[in-house]
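What follows is a set of notes on a single structure, which appears directly below.
Note that the structure is a prediction, hence the values are computed from the model and not measured. Below, all heavy atoms of this structure are taken into account, side chains as well, without hydrogens, waters or symmetry copies.
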Amino acid sequence: MSIFNGVSQCWPLSSTCVVWWDAWAAVGAWVAATVTFLAVLLPFRQGQKEKKLAVEAAKREATLALEHFVLTIIDFRAAIADAVGKTEALPVAEVVGNTVALLLETISRAEYPVLPANAALWEVRSDLAYLRRTMSVFGDYQIAFKRGQLTPEVIDAYISSLKMAEASLAQTVIAIQPYVRSDLQLILK
């Protein structure tokens with residue numbers, strides 16, 4: 001006895017053959033349920049796949065932007081190290097004025113990467129924003145230098161700002177390392 005015998009007594013249909021409509025309705029219900037399930041499942045899976053592809057594309061885009069930013073990080077490190085070394089060796093207004101000018105020149109050439117708004121990149125975006133805010137304070141020291149307001153307290157604050165910028169830069173380097181090639185990671189260490 002086959003499944004077909006469960007829904008029809010005989011084949012082909014004739015005057016003596018009776019169709020079991022209840023059984024055919026049950027088969028139709030199963031087919032409809034299966035089609036409905038697939039109609040929901042397939043778009044859901046497609047959406048999940050598209051979302052995963054979008055996240056991967058955002059990571060690739062971020063990787064390119066961050067690898068380009070590595071050059072800026074190298075410039076920032078050199079400028080900050082130079083400023084710290086010179087200012088700690090001779091903490092006078094003229095040295096601060098010169099190091100601020102060089103530092104601001106480096107900052108003005110910087111191109112911060114614009115990263116996609118992606119949850120996976122939140123920490124990197126946050127660290128880049130903090131780095132930008134940290135670097136923006138050096139314009140205030142140049143204004144103080146031009147006005148002749150570089151007192152020993154302001155010079156100490158400048159040195160503290162330089163060290164804060166170094167720490168912010170170090171945190172940014174840690175955050176971007178997973179997104180840059182291994183050869184560039186060696187440069188950042």
Side-chain angles (χ1 to χ4, degrees), residues 50-189:
E50 289 173 2
K51 187 176 183 181
K52 184 178 177 184
L53 289 174
V55 167
E56 289 301 317
K59 283 184 179 179
R60 282 192 303 277
E61 183 180 328
T63 295
L64 291 174
L66 291 170
E67 285 178 354
H68 178 72
F69 189 64
V70 167
L71 301 174
T72 301
I73 289 175
I74 293 168
D75 289 345
F76 279 175
R77 275 186 175 171
I80 291 170
D82 183 57
V84 168
K86 288 179 179 176
T87 306
E88 284 183 336
L90 189 60
V92 294
E94 186 177 319
V95 171
V96 171
N98 291 337
T99 60
V100 165
L102 292 173
L103 190 57
L104 287 175
E105 184 180 327
T106 303
I107 292 170
S108 69
R109 289 190 318 258
E111 293 179 24
Y112 288 88
V114 178
L115 301 178
N118 182 316
L121 298 170
W122 184 86
E123 182 181 355
V124 177
R125 289 170 52 103
S126 174
D127 288 338
L128 285 171
Y130 183 68
L131 177 64
R132 182 177 284 191
R133 285 190 308 275
T134 304
M135 299 304 262
S136 69
V137 302
F138 294 111
D140 297 338
Y141 293 107
Q142 186 176 43
I143 292 169
F145 173 71
K146 288 180 179 179
R147 292 181 179 166
Q149 299 171 336
L150 286 178
T151 63
E153 293 81 20
V154 174
I155 293 172
D156 288 341
Y158 172 65
I159 293 171
S160 295
S161 294
L162 287 170
K163 293 186 182 210
M164 234 165 92
E166 280 181 321
S168 175
L169 196 56
Q171 183 59 38
T172 302
V173 166
I174 291 169
I176 72 170
Q177 279 187 346
Y179 299 97
V180 296
R181 298 185 322 253
S182 58
D183 58 334
L184 292 176
Q185 288 179 9
L186 294 174
I187 293 171
L188 293 173
K189 291 189 181 203

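Here the closest heavy-atom approach between residue P91 and residue I155 is recorded as O-CD1, 3.6 Å. The nearest pair of heavy atoms linking I80 to L162 is CG2-O, 3.7 Å. Taking both residues in full, the closest heavy atoms of A58 and N118 are given as CB-ND2, 3.4 Å, listed atom of the first, atom of the second, then distance. Taking every heavy atom of both residues into account, V95 and K86 meet most closely at CG1-O, 3.6 Å. For Y179 against E67, the heavy-atom pair with the smallest separation is O-OE2, 4.2 Å. Nearest heavy atom pair, residue R125 against residue L115, reads NH1-O, 2.6 Å.
In the model, Y158 has no side-chain atom that pairs as donor or acceptor with a side-chain atom of T87 under 3.5 Å.
A distance of 10.0 Å separates OG in S108 from CG in L103, rounded to the nearest 0.5 Å. The structure places CD1 of I107 at 11.5 Å from CG of D75, a figure rounded to the nearest 0.5 Å. Atom OG1 in T134 sits 11.0 Å away from atom CD in Q171 (nearest 0.5 Å). One finds the CD1 atom of I174 at 9.0 Å from the CD atom of E123 (value rounded to the nearest 0.5 Å). Note that CG of D127 and CH2 of W122 are 8.0 Å apart. Values are rounded to the nearest 0.5 Å. Distance CD1/I73 to NE2/H68: 11.5 Å, rounded to 0.5 Å.
In this structure the side chain of Q149 never reaches within 4.5 angstrom of the side chain of V154, judged on heavy atoms. Contact of the V70 side chain with the L66 side chain is not registered, since no non-hydrogen atoms from C-beta on lie closer than 4.5 Å. Between L128 and R132, the closest side-chain pair of non-hydrogen atoms is not below 4.5 Å.
The backbone N or O of M164 lies less than 3.5 Å from no partner atom in the side chain of S168, so there is not a single donor-acceptor pair. T106 places a side-chain N or O within 3.5 Å of a backbone atom of L102 that can act as its donor or acceptor partner.
Between F69 and F76, the two ring planes are perpendicular [angle over 60°; tilted spans 30° to 60°].
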* Passes salt bridge (Lys or Arg N to Asp or Glu O under 4.0 Å), K52 versus E56? Steps please. -> CA-CA 6 Å; K52 184 178 177 184; E56 289 301 317; over 6 Å; no

